[in-house]
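What follows is a set of notes on a single structure, which appears directly below.
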Amino acid sequence: MGIIHQIRDAGIVGCGGAGFPTHKKLSKDIEYFIVNGAECEPLLRTDRYIMLHRAPDLVRAITALKAELNIAHCVIALKHHYQAEAEALRQAIQAAGADITVHELESFYPAGDEQTIVYEVTGRVVPPAGIPMAVGAVVNNVATVCAIADAMDGLPFTQKYLTVTGDVRCPTVLQVPIGTSYADCLELAGGPLARDYFIVNGGPMMGKPVTMEEARWAVVTKTTSGILVLPAGGYHARTHAVDLERMLQRARSACIQCSACTQLCPRHMLGHPLQPHRIMRALSAPGGSLDDLLQDPVIQNAQLCCECGICETYACPMSLFPRKINSMLKKKLGAAGIRYQPPEGVQWQPSPHRPLRKAPSERVAARAGVRAYYDYEISQCQVASPNRVEIPLQMHIGPPSVPLVSPGDQVAVGTLIAQPPEGAAMGARIHASLGGRVESVGDRVVIVKE
């Protein structure tokens, strides 16, 4: 069986993003295969752990992909201060005699942004609203490639590496069955230090806030990269409490058009025509509804936003919300069927000021209110063994998978329990992450250990 079929059968999706089915990303037209080990978000340590402890598996999977897909260049990109991880990778590459390059990046945010890392490695600019394949590149997260190595050994994607950190007693990397509850994960990290706390699914910049009520039902999915526990009255909790109407009012009354959000925007620095300060100005114009503004080309450029958060967390001196407003506009434009159309014949060039405008990761962490959790080392990984998992049927781009099991069925770890609907262009297979009895089937398959 070829490696692409192994990846498909294992149900692997991108571990560092929206859950794009990995087998759909790979083809024989790839010139650059870039393994993203930059660990974009401050505080997360998952990819660093994998590179340090599973370097031979990464090299084995990359070598197999290179051979089967005839890839010219295979590169592992990581930040230059990940010295122990870089050394582990180089030793594994040398031991295997592999044709793989280690590319060291500066420590800036968002170094792990897909289009940013393509430019850093290849010198090529992905066109606005385009994908890396437009310039012959494919980017996969370190954890995704690790799952590919497991698939080569016949293991489906049932275990997830993630970081639990922030205001917890013992920040840690976990390896848990998919469907493990957040409560179990927090317990393995020693529990929160405070009684009242605020949870972010992911990292401090692009992670999604989770309310206390949502946290009771939240489980680890194929795309969960981290669980961040923060003070209940901190920066993230305060900004999450501001509703959209208040954001728009503040934009109309307080934006001083300093253009710092645009000058530091990673996509703008790649030459893309995204100008957050002009979007804020357009929203400040008197008269007209928000829906009327969707025809404005400046507003339509909001679709180019990668939602990294530099504009509002790091750049804006007035504590406004360009990222959240861009996110809202992207949804409205999508619902209206308006898609960004790049002009033809344009050679996209990065800003000459880009080298001087990269935001240092440590300063970004400080602006995001998480500097206190920035400096810590994690050398161990805790392996969880819960008594119950709740496996969502929607953990990927595409329609929810169709369950293949019923309540009362007995399953083993690795049993196929759901697959994409027939004829679906996108989707992913889902396997049992725990051996036991199927307790219920709905939008989740609940399995209880017996």
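All values below come from the heavy atoms of this structure, side chains included, with hydrogens, waters and symmetry mates left out.
- For His80, there are no ring-ring contact (aromatic ring centres under 6.0 Å, His included) partners at least two apart in sequence or on another chain.
- Note on Glu31 versus Arg124: salt bridge recorded, some NZ/NE/NH1/NH2 to OD/OE distance being below 4.0 Å.
- Salt-bridge annotation for Lys358 and Glu106: present, with a side-chain N of the basic residue lying under 4.0 Å from a carboxylate O of the acidic one.
- Between the side chain of Gln303 and the backbone N or O of Leu333, no donor-acceptor pair lies under 3.5 Å.
- More than 12 non-hydrogen atoms from other residues, nucleotides or ligands lie less than 6.0 angstrom from NZ of Lys330.
- Every residue two or more places apart in sequence or in another chain that forms a ring-ring contact (aromatic ring centres under 6.0 Å, His included) with His73 is listed here: Tyr32.
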Could you walk me through whether Thr163 and Thr165 pass the side-chain hydrogen bond (donor to acceptor under 3.5 Å, both in side chains) check? CA-CA 6 Å; Thr163 305; Thr165 187; over 6 Å; no

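- Stacking of Arg45 on the aromatic ring of Tyr376 is recorded, both the 6.0 Å distance cut-off and the 45° axial limit being met.
- Counting only distance, with no hydrogens or angles, the side chain of Thr223 and the backbone of Met395 share no donor-acceptor pair below 3.5 Å.
- Contacts of Tyr49 classified as ring-ring contact (aromatic ring centres under 6.0 Å, His included), with partners at least two apart in sequence or in another chain: His53.
- Scanning for ring-ring contact (aromatic ring centres under 6.0 Å, His included) contacts around Phe198 gives His240, with sequence neighbours left out.
- Within the 3.5 Å criterion, the main-chain N or O of Ala425 finds a donor-acceptor partner in the side chain of Lys24.
- Relative to the ring axis of Tyr82, Arg48 places its NZ or CZ within 45° and under 6.0 Å from the centre.
- Between Ser181 and Asp184 the shortest side-chain heavy-atom distance falls below 4.5 Å.
- With Thr262 contributing its side chain and His277 its backbone, the two residues share a donor-acceptor pair below 3.5 Å.
- Using a cut-off of 4.0 Å between Lys/Arg side-chain N and Asp/Glu carboxylate O, Glu114 and Lys25 are scored as salt-bridged.
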Please set out all donor-acceptor pairs under 3.5 angstrom arising from side-chain atoms of residues 132-140, sequence neighbours excluded.
none

Take Arg429 and Asp9 through the side-chain contact (heavy atoms from CB on, under 4.5 Å) test and state the conclusion after the steps. CA-CA 7 Å; Arg429 297 183 177 193; Asp9 290 352; 3.3 Å; yes

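- Using a 4.0 Å cut-off between charged nitrogen and carboxylate oxygen, Lys324 and Glu312 count as a salt-bridge pair.
- A salt bridge does not link Arg54 to Asp47: none of the charged side-chain nitrogens sits closer than 4.0 Å to a carboxylate oxygen.
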Give every donor-acceptor pair under 3.5 Å between a side-chain atom in residues 268-276 and any protein atom, sequence neighbours left out.
| from | atom 1 | to | atom 2 | distance (Å) |
| --- | --- | --- | --- | --- |
| His268 | ND1 | Leu274 | O | 2.9 |
| His272 | NE2 | Val126 | O | 2.8 |
| Gln275 | OE1 | Arg278 | NH1 | 3.1 |

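- In this structure, Glu362 contributes its side chain and Asp375 its backbone to no donor-acceptor pair below 3.5 Å.
- Of the possible donor and acceptor atoms, one in the side chain of Glu41 sits under 3.5 Å from a partner among the backbone N and O of Met205.
- Within 6.0 Å of the CD atom in Glu377, the count of heavy atoms belonging to other residues, nucleotides or ligands does not exceed 12.
- Electrostatic pairing of Asp57 and Arg60 counts as a salt bridge here, judged by a charged N lying under 4.0 Å from a carboxylate O.
- When the shell of 6.0 Å around CZ of Arg252 is examined, it contains more than 12 heavy atoms from other residues, nucleotides or ligands.
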One pair to check against side-chain hydrogen bond (donor to acceptor under 3.5 Å, both in side chains): Thr158 and His431. What are the steps and the verdict? CA-CA 6 Å; Thr158 63; His431 302 78; over 6 Å; no

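- At a threshold of 4.5 Å between non-hydrogen side-chain atoms, the residues Cys74 and Thr101 do not count as touching.
- Using a 4.0 Å cut-off between charged nitrogen and carboxylate oxygen, Glu85 and Arg90 do not count as a salt-bridge pair.
- Pro322 has its side chain out of reach of Ile325: every pair of non-hydrogen atoms, C-beta onward, lies at least 4.5 Å apart.
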